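What follows is a single structure, written as structure tokens, with notes after it.
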Amino acid sequence: MAEIVIKGVAKQFGAFTALHSVDLTIHDQEFMVLLGASGCGKTTLLRIIAGLETPSQGEVWIGGRRVDHLPPRARGIAMVFQNYAVFPHLTVFENIAFGLRMAKLPQAEVTRRVTRTAELMHIEQLLKRYSGELSGGQRQRVAVARALAMEPDVILMDEPLSNLDALLRLEMRAELKGVLAASKTTTIYVTHDQVEAMSLADRISVMNGGFIVQADKPTQVYRNPAARFVGSFIGNPPMNFLPAKRGENGRWHVAGKDFDGPDVAAAEFAIRPEDMHPAKAGLEAEVRVVEPLGPHTLVTAQVAGQPFRAVLESDRAISPGEVITLAPIPDRIRWFDPETQEAIA
Ligand code: ATP
């Protein structure tokens, strides 16, 4: 059992607060992704869990044991970082075996584990090669194999795929997902890449300015953002937002059209670009730019003077300067509190 519990963890660097009292539970064998823009505190949180950084406040528990006063090696974790520290002067076998030798495992066990993880990562044919001769993707596999060989309860990864080219990233992403699901470890994975986060995670913790804004399943984070920030950060292109005003009839006026909405005094209207279709009645959008993307067409427009994007089926020709009418799918409309920026249920 390696549940990870983070209780009220805060971190100050001098006068700067990198983390504000974070509470988060990562379940046993869960794949949790920490997602956020550069500087939001995700690496700091990972380093605190790893023991490479001391929290200013709060507690870290792994597998029912409080660990925030323990050194990294006593926490039962393995780590894979961006600059994956594979030793070039060692063979692939010795790189993977490195931690096992430090732990003084018998030779037969070292061989068993190295062989097994090398097979898992499809690098068994490279075991005798020197790591300095490997490609970036191969080195990355060695780094992951080395972490898996420790058979840790917990693996922490910080942007492990960021040095790879786009195609290799895609391939490694699918492999990592398969391997980690089979290995029964609890994984915390840091990235600023939302597609990577959506693809890998059991749950995503979306971070902003040292806070966790939402920790939820990828589909929930996408469909039901808990805050405006989440809707504006996740999705490519992100959610559209439009000001709304409550009419006397109780309905909401949005860009000259009426919508049913929540029973509150103030709200902002939001819709994802793919949650609309051209129709007779709807939001009038003045088309500025049309980008055919193959299966879809991305339309950048203005609605009531606000920037607005729609992802439409590519069967209908649309031209810049044209005014098109877009009907939002009613149950895909979301509303946010303009003050708190939180979702209105
Ligand atoms: P990135 O994706 O760029 O790595 P991040 O979300 O991982 O970003 P952190 O590395 O956790 O961000 O940093 C959070 C904030 O804390 C940043 O503003 C950073 O400048 C600051 N910070 C991190 N480490 C230190 C340090 N040792 N001293 C001072 N400030 C720091």
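Since the model is a prediction, treat every value here as computed from it, not as a measurement. Indexing begins at 1, ligand by ligand and atom by atom, following the structure's order.
Close contacts of ligand 1 with Thr43, meaning ligand atoms under 4.0 Å from a residue heavy atom, involve 4 (O), 5 (P), 7 (O), 10 (O), 11 (O). Counting atoms of ligand 1 from 1 in the listed order, those under 4.0 Å from a heavy atom of Ala37 are 6 (O).
With Ser205 as the partner, the side-chain contact (heavy atoms from CB on, under 4.5 Å) test is satisfied by one option alone out of Met32, Lys42, Gln214: Met32. None of Ile49, Val67, Leu52, Leu156 except one satisfies the side-chain contact (heavy atoms from CB on, under 4.5 Å) rule with Pro72; the exception is Leu52. When each of Leu24, Ile6, Val206 is checked for a side-chain contact (heavy atoms from CB on, under 4.5 Å) with Ile212, only Leu24 meets the rule.
Put simply, atom 26 (C) of ligand 1 has protein non-hydrogen atoms near it, under 4.0 Å away.
Scanning the protein heavy atoms around atom 11 (O) of ligand 1, the nearest turns out to be Thr44 OG1, 2.5 Å. In terms of protein heavy-atom proximity, atom 3 (O) of ligand 1 is closest to Ser38 OG, 2.6 Å. For atom 31 (C) of ligand 1, the closest non-hydrogen atom on the protein side is Phe13 CD1, 3.3 Å. Regarding atom 21 (C) of ligand 1, its nearest protein heavy-atom neighbour is Phe16 CE2, 3.8 Å. Protein heavy atom in closest approach to atom 8 (O) of ligand 1: Gly39 N, 2.8 Å.
The shortest N/O to N/O separation between Gly41 and ligand 1 falls below 3.5 Å.
Arg146 forms a cation-pi arrangement with Phe87, by the criterion of a distance under 6.0 Å to the ring centre and an angle within 45° of the ring axis. Under the 6.0 Å distance and 45° angle rule, Arg272 counts as a cation-pi partner of Tyr222. For Arg228 and Phe241, the positive end sits near the middle of the six-membered ring, less than 6.0 Å away and at most 45° from its axis.
Taking the six-membered ring for Trp and the full ring otherwise, Phe269 and Trp335 have centroids separated by under 6.0 Å.
At least one heavy atom of Cys40 sits less than 4.0 Å from an atom of ligand 1. Contact analysis puts Lys42 in contact with ligand 1, with a non-hydrogen atom separation below 4.0 angstrom.
A pairwise comparison of heavy atoms in Asn240 and Met276 identifies ND2-CE, 3.8 Å as the closest pair.
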